[in-house]
Amino acid sequence: MSNPIISLSEMTDFQSKEDEFSPHHWYRRMLKQDPVVYNEASDSWHVFGYDLVKTVLNDHEHFSSERKRTIVNVGYISEDDNNNEGEHHIPDRLDIHNVDPPEHRKRRSLLAKAFTPRSLRLWEPRIQALAEQLIAKFAHQPVVDIVEAYTSVFPVMIMSDLLGVPSKDHHLFKEWVNQLFLPSTHTTFAEINEMKRTAGEEYFKYLYPIVVAKRLNPGEDIISDLIRAEVDGDQFSDEEIVRTTMFILGAGVETTSILLANSFYAMLYDQPGVYAELRNNPELIPNAVEEMLRYRFNISKMDRMVKKDNNLLGIDLKKGDAIVAWMSAANVDERVFEDPFTFNIHRSNNNKQLAFGYGTHFCLGAPLARLEAKIALSTFVQTFSRIENVEGFILEDNLIPAAAGQSLGHLPLKLYT
Ligand code: HEM
């Protein structure tokens, strides 16, 4: 199998995991370089500036999502997928990530039926209850590993709950998600891909009967919404629905977990005063979440394939070229954000951050992710008067690779009620 992964380690010059976790100095350098950079080792083009990133993400006439190579492999890639043929592909009628308009618009509007403002209102009390449940488990401890106890569990519990899976099985979801979305490199790709295949099969065997049962007895959950959805009088098969839930998990679990863990890191290490400010003024939390996404969510980048020869970015790009848009770098572009390398929860334009992408493929789960973050933080700050870092914490030793960069594997903190 030819390797479909564009390896970004061949592009960046990070000397440590910590460098990759806090890449602002590298972004600063890249933003000062030529607007479009070619990297020979990975045979790919890269853009960092705010406006060009937006162009690449949104101009689907020239920059296609129907790509042959990608920076992140989530889930299992079969030989057939890689050749774009065969049976084991993600279902055509529901896959929205790898298609361009006009087909994309039709499919997106179907999936969007499961992510309406009404759904969010229905889900809010369930999300709130899960946050309270998790916090109650560690509320009396003097020290907690917030990643293990809270930030890595909360999003996967929410997603399994919203899919309509029994709560006693939420832990199974966590294990499958951990395996299905393990990052890989050129050398580990084959081995990890095989692990993902096994996890994918187990997941499928577990979820398929749940979908069949919900078809007979639908409820208020994402799977039931997808069962009810119709395309031109046609309905999705049970298999398509199972595969789509896998995509939703891939898109929504690790990303939100990282946002939450990094938010705690920001409150402990970037600006310790922020915690007291949020406890006293919880109405600041939504804007603080935007700033976390802008300043501390540094893994946001997305690839496209050049669809036809063009010079839109000021250089000649050829059909088939791979191009990467670095949204997290655009989020510290001083042409848009004043004093961009300062973490400032009062920043008035941080909702211009591009962590959720831009335009055509803008994250369908963004309202849900924002709601999860708001509830996770507000429930936490209402419970604890103060948090403090634990002496001797070494960031480098606590970082682990995620699908698109470094993430916190552990983050111990002291709790005060
Ligand atoms: C902090 C959390 C999240 C971040 C940073 C994030 C980021 C992104 C980005 C950058 C894209 C655009 C991809 C592209 O341009 O090709 C995207 C798409 C998407 N995201 Fe999210 N996401 C998050 C959470 C979620 C959640 C919670 C869900 C659902 C449960 C979700 C579902 C989706 C879906 C379905 C798409 C595909 C949209 C399309 O192609 O039209 N995401 N996300």
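Remember, it's 1-based here, ligands and their atoms both numbered in the order they're listed.
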Pair E220 + R118, salt bridge at N-O below 4.0 Å: yes
Within a distance under 4.0 Å of any heavy atom of A369, pick out the atoms of ligand 1 and give their elements. 2 (C), 24 (C)
Any side-chain donor paired with an acceptor under 3.5 Å for D339 and T342? yes
For ligand 1, which atoms, with element, lie under 4.0 Å from some heavy atom of M327? 10 (C)
Atom 12 (C) of ligand 1 sits nearest the protein heavy atom H361 O, 3.4 Å
For F362 together with Y358, are the ring centres under 6.0 Å from each other? no
Indicate, as side chain, backbone, both or neither, the part of F297 found under 4.0 angstrom from ligand 1 when only non-hydrogen atoms are considered. side chain
So between Y358, F356, F115, whose heavy atom ends up nearest atom 3 (C) of ligand 1? F356
Give the single entry among C363, A404, A366, S300 that approaches atom 17 (C) of ligand 1 most closely by any heavy atom. C363
Any Lys/Arg nitrogen of K318 or D321 sitting under 4.0 Å from an Asp/Glu carboxylate oxygen of the other? no
Would H410 and D145 count as having a side-chain donor-acceptor pair, cut-off 3.5 Å? yes
Under 3.5 Å between some N or O of ligand 1 and some N or O of H104? yes
Under a plain distance cut-off of 3.5 Å, with no hydrogens placed, do D303 and T70 share a side-chain donor-acceptor pair? yes
Honestly, for R304 the part within reach of ligand 1 (heavy atoms, under 4.0 Å) is side chain
Ligand-side contact atoms (ligand 1) for residue partner F247, heavy atom cut-off under 4.0 Å: 35 (C)
Strictly below 4.0 Å, N to O, side chains only: are R29 and D13 in salt-bridge contact? yes
Does H24 have its ring centroid less than 6.0 Å away from the ring centroid of Y295? yes
Protein contact of atom 37 (C) of ligand 1 - nearest heavy atom, named by residue and atom, plus distance: I96 CD1, 3.8 Å
Close-contact set for ligand 1 against G357 heavy atoms, below 4.0 Å: 10 (C)
Less than 4.0 Å between a side-chain N and a carboxylate O, is that true for D221 and K214? yes
Which protein heavy atom lies closest to atom 28 (C) of ligand 1, and at what distance to 0.1 Å? G365 CA, 3.4 Å
Under 4.0 Å from one or more heavy atoms of H97, ligand 1 contributes atoms 16 (O), 40 (O)
Counting heavy atoms only, name the option from R108, K301, R107 that's nearest to atom 38 (C) of ligand 1. R108
Who's the nearest protein heavy-atom neighbour of atom 33 (C) of ligand 1, and how far? A251 CB, 3.6 Å
Non-hydrogen atoms of A355 versus ligand 1: any pair closer than 4.0 Å? yes
Is the ring centre of Y269 less than 6.0 Å from the ring centre of F393? yes
Report the nearest protein non-hydrogen atom to atom 36 (C) of ligand 1: residue, atom name, distance rounded to 0.1 Å. L364 N, 4.0 Å
To the nearest 0.1 Å, how far is atom 26 (C) of ligand 1 from its closest protein heavy atom, and which atom is that? G252 CA, 3.3 Å
Below 6.0 angstrom between ring centroids: does that apply to F63 and W45? no
Does the structure place the NZ or CZ of R296 under 6.0 Å from the centre of the six-membered ring of Y265, at an angle of no more than 45° from the ring's axis? no
Can you tell me which portion of T255 lies within the under-4.0 Å heavy-atom range of ligand 1? Options are side chain, backbone, both, or neither. both
Side chain, backbone, both or neither: which applies to M302 and ligand 1 if a contact is any heavy-atom pair less than 4.0 Å apart? side chain
Is the Lys NZ or Arg CZ of R294 less than 6.0 Å from the centre of F337's six-membered ring, within 45° of the axis? yes
Hey, which atoms in ligand 1 end up nearer than 4.0 Å to a heavy atom of M159? 30 (C)
Contact atoms of ligand 1, heavy-atom distance to L368 under 4.0 Å: 30 (C)
